[in-house]
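For reference, the structure is listed below as C-alpha cells.
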Protein chains: 2
Amino acid sequence: MDYTRDNMAGLLRSHDINPTHQRIEIAHALFSRQEHLSADQVMAIVNTRHSETSKATVYNTLKLFLEKGLVREVIVDPSKVFYDPNTSPHHHLYEVDSGKLSDIDAGHVQISGLPPLPEGMVTEGIDLIVRVRRNG
Amino acid sequence: MDYTRDNMAGLLRSHDINPTHQRIEIAHALFSRQEHLSADQVMAIVNTRHSETSKATVYNTLKLFLEKGLVREVIVDPSKVFYDPNTSPHHHLYEVDSGKLSDIDAGHVQISGLPPLPEGMVTEGIDLIVRVRRNG
DNA sequence: TCCGGATATTAGACAAAGTCCAGATCCGTG
DNA sequence: CACGGATCTGGACTTTGTCTAATATCCGGA
C-alpha cells in the first residue's frame, strides 16, 4: 500500500481519529517518509507548499496520534522528541554526532534476565537504544 | 567509603578534574544521594544552605563530569536530562506517571542478536529502559 | 437550507531547560 | 605583590513545548 492522502484518511479512521485536513497532512508527512521526525520537522514539511498549519495543531496532532497508537515516541536526543511511524516492535540505533536515528528490527534481538516488576506495575514498553559514534 | 567532601576532592582528582568548591558541592549532591538528579534538582540542593552556585556553573560542571566519565546521562523524560552517579553497567526502570527512575542491575540481563554496526562506528553505550505504569 | 453544538484550529503569550558571553574572581607561581 | 590561566557569574537569549481564548469548521436535525 502506498501513502496517498486518501489512504491516510482510512488509516486515521481505523485508529478512531477524525481525519481532518491538517491531520491528513501530518500523517502523510510521517508515513510517506517512514522516518523519525521531530515536531519541528513535521511543521516545516507540512508548511512548505502553502497550507499553513499552526504549531499548536502540530503538537496536538502528534500527541493525539501517540495516544491512539498511530506513532511511537522516541526519546534519545535530550533536546527534542522524535515521532516514529513504525509501531511494530523494534529498537533504535542513534548516531550521537549526527543525530541520525535508525531502526533495528526486533526480530532477532533477545532480552533476557530482567528482574520482576514492582508490585502493581505493568510494562508500557521496553526501549533499547544503541548509541554509536564515528570511529575517530 | 563514604561521600565526605574530602573524598569528593579525591574522586574529582582521580578523574582529572580540578576540585573546586562548586564542583565538590555538586559531586557531593550526586554521590551522597546515589540518585538520579536533574540539573534543576542539583542546583536546588547545592543552593539550599547558602553557597550560591550559578545555573551556568551547574550546567558546565555536569557536562564536565559527563565528559570525564564521572557520571552518566539518562534520557528518559522528554523534558529534562537526569545525571546518574552510578557508572557501572546497568539499565533503568522508569515509572511514567510519577517520573521515578531506578536502576536495574545489568548482572543478569542478556541482550543478544543485535545486528552488526554500520562500518566505522563504535558503540558508545547501550541504553535499556523499561517503561512501566501503575496498573489501573 | 439553516441552526446549534461539538470538534478542530489558530495566534500569540507563556514556561522551562539549556546555552552563551563578557566581565569578575580565584588561585598558584615567580 | 602582580600576572595569567582557569573558573564562576548574572543575565540575555534560544528552543521546545504548553496554554488559552477566540475563531472556524463540521455535521445532524428541524
Side-chain angles (χ1 to χ4, degrees), chain A residues 5 8-9 12-13 15-30 36-47 49-68 70-71 73-84 96 99 101, chain B residues 5 8-9 12-13 15-30 36-47 49-68 70-71 73-84 96 99 101:
Chain A
R5 284 168 176 76
M8 288 302 100
L12 294 180
R13 270 190 219 96
H15 280 79
D16 199 23
I17 298 170
N18 200 353
T20 66
H21 249 299
Q22 289 88 339
R23 288 171 181 174
I24 288 171
E25 283 307 311
I26 292 172
H28 184 256
L30 278 160
H36 309 82
L37 300 177
S38 64
D40 236 30
Q41 294 175 305
V42 169
M43 191 156 44
I45 291 168
V46 166
N47 286 334
R49 293 209 170 279
H50 43 87
S51 62
E52 290 300 312
T53 298
S54 75
K55 187 167 60 151
T57 298
V58 171
Y59 278 97
N60 289 342
T61 301
L62 288 172
K63 195 183 283 181
L64 179 67
F65 285 4
L66 184 65
E67 279 164 16
K68 299 294 189 178
L70 197 62
V71 301
E73 219 178 25
V74 186
I75 303 172
V76 283
D77 183 309
S79 74
K80 58 179 67 167
V81 173
F82 287 96
Y83 292 88
D84 187 347
V96 175
L101 183 60
Chain B
R5 283 168 177 78
M8 288 301 101
L12 293 181
R13 270 190 218 94
H15 284 259
D16 199 24
I17 298 171
N18 199 354
T20 66
H21 253 298
Q22 290 89 338
R23 289 171 181 173
I24 287 170
E25 283 306 313
I26 291 171
H28 184 257
L30 278 161
H36 309 84
L37 299 177
S38 64
D40 237 29
Q41 293 173 305
V42 169
M43 190 154 48
I45 291 168
V46 166
N47 286 335
R49 294 209 168 277
H50 42 87
S51 62
E52 290 300 314
T53 299
S54 73
K55 188 168 60 153
T57 298
V58 171
Y59 278 96
N60 289 341
T61 301
L62 289 171
K63 195 183 285 181
L64 179 68
F65 285 4
L66 184 65
E67 279 164 14
K68 299 293 189 179
L70 197 63
V71 301
E73 218 178 24
V74 186
I75 302 172
V76 282
D77 182 309
S79 75
K80 59 178 67 168
V81 173
F82 286 97
Y83 292 87
D84 186 348
V96 175
L101 183 60

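Predicted, not measured: the structure shown is a model, and the values here were computed from it. Residue numbers begin at 1 in each chain, while the letters A, B, ... track the order of the sequences.
Using a distance-only test at 3.5 Å, with no hydrogens or angles considered, no donor-acceptor pair links the side chain of Asp84(A) to the main chain of His36(A).
Between the CD atom of Glu52(B) and the P atom of dT9(D) there is a distance of 9 Å, rounded to whole Å. One can place CZ of Arg23(B) at 12 Å from C1' of dC26(C), the figure rounded to the nearest angstrom. Whole-Å rounding puts the Met43(B) CE to dT19(C) P distance at 12 Å. Atom OH of Tyr83(B) and atom P of dA17(C) are 12 Å apart (whole Å). Note: CD1 (Ile17(A)) to C1' (dT7(C)) measures 14 Å, nearest angstrom. Look at CG on Asp40(B): it is 10 Å from C1' on dG18(C), rounded to the nearest Å. In this structure, Gln41(B) places its CD atom 16 Å from C1' of dG18(C), rounding to the nearest Å. Regarding Leu37(A), its CG atom lies at a distance of 13 Å from the P atom of dG17(D), rounded to whole Å.
With contacts defined as side-chain heavy-atom distances shorter than 4.5 Å, the pair Lys80(A)/Asp77(A) qualifies.
Here the closest heavy-atom approach between residue Val76(A) and residue Ile75(B) is recorded as O-CD1, 3.3 Å. Taking all atoms of both residues into account, the shortest heavy-atom contact from Glu25(A) to Arg5(A) is OE2-NE, 2.7 Å.
Checking the phosphate oxygens (OP1, OP2) of dT25(D), no side-chain nitrogen or oxygen of Gln22(A) falls inside 4.0 Å. OP1 or OP2 of dT10(C) sits under 4.0 Å from a side-chain N or O of Ser54(A). Contact annotation: Asn18(B) reaches the phosphate of dT7(D) (side-chain N/O to OP1 or OP2, under 4.0 Å). Note on Tyr59(A): every side-chain N or O is 4.0 Å or more away from OP1 and OP2 of dT18(D). Contact between the side-chain N/O atoms of Ser79(B) and the OP1/OP2 oxygens of dA17(C) is not found at any separation under 4.0 Å.
Sequence order on DNA chain C of the closest nucleotides to Asn60(B) and His21(A) puts His21(A) first from the 5' end.
Closest to the side chain of Ala56(A), out of dT10(C), dT18(D), dG17(D), is dT10(C).
Lys55(A) contributes no side-chain N or O that forms a donor-acceptor pair with the base of dG12(C) under 3.5 Å.
For the atom pair Glu52(B) CD and Met43(B) CE, the distance stands at 10.0 Å (nearest 0.5 Å).
Residue Thr20(B) is classed as a sugar-phosphate contact, given heavy-atom separations below 4.0 Å to backbone atoms only. Across all strands, Thr53(B) comes closer than 4.0 Å only to sugar-phosphate atoms, never to a base (heavy-atom distances).
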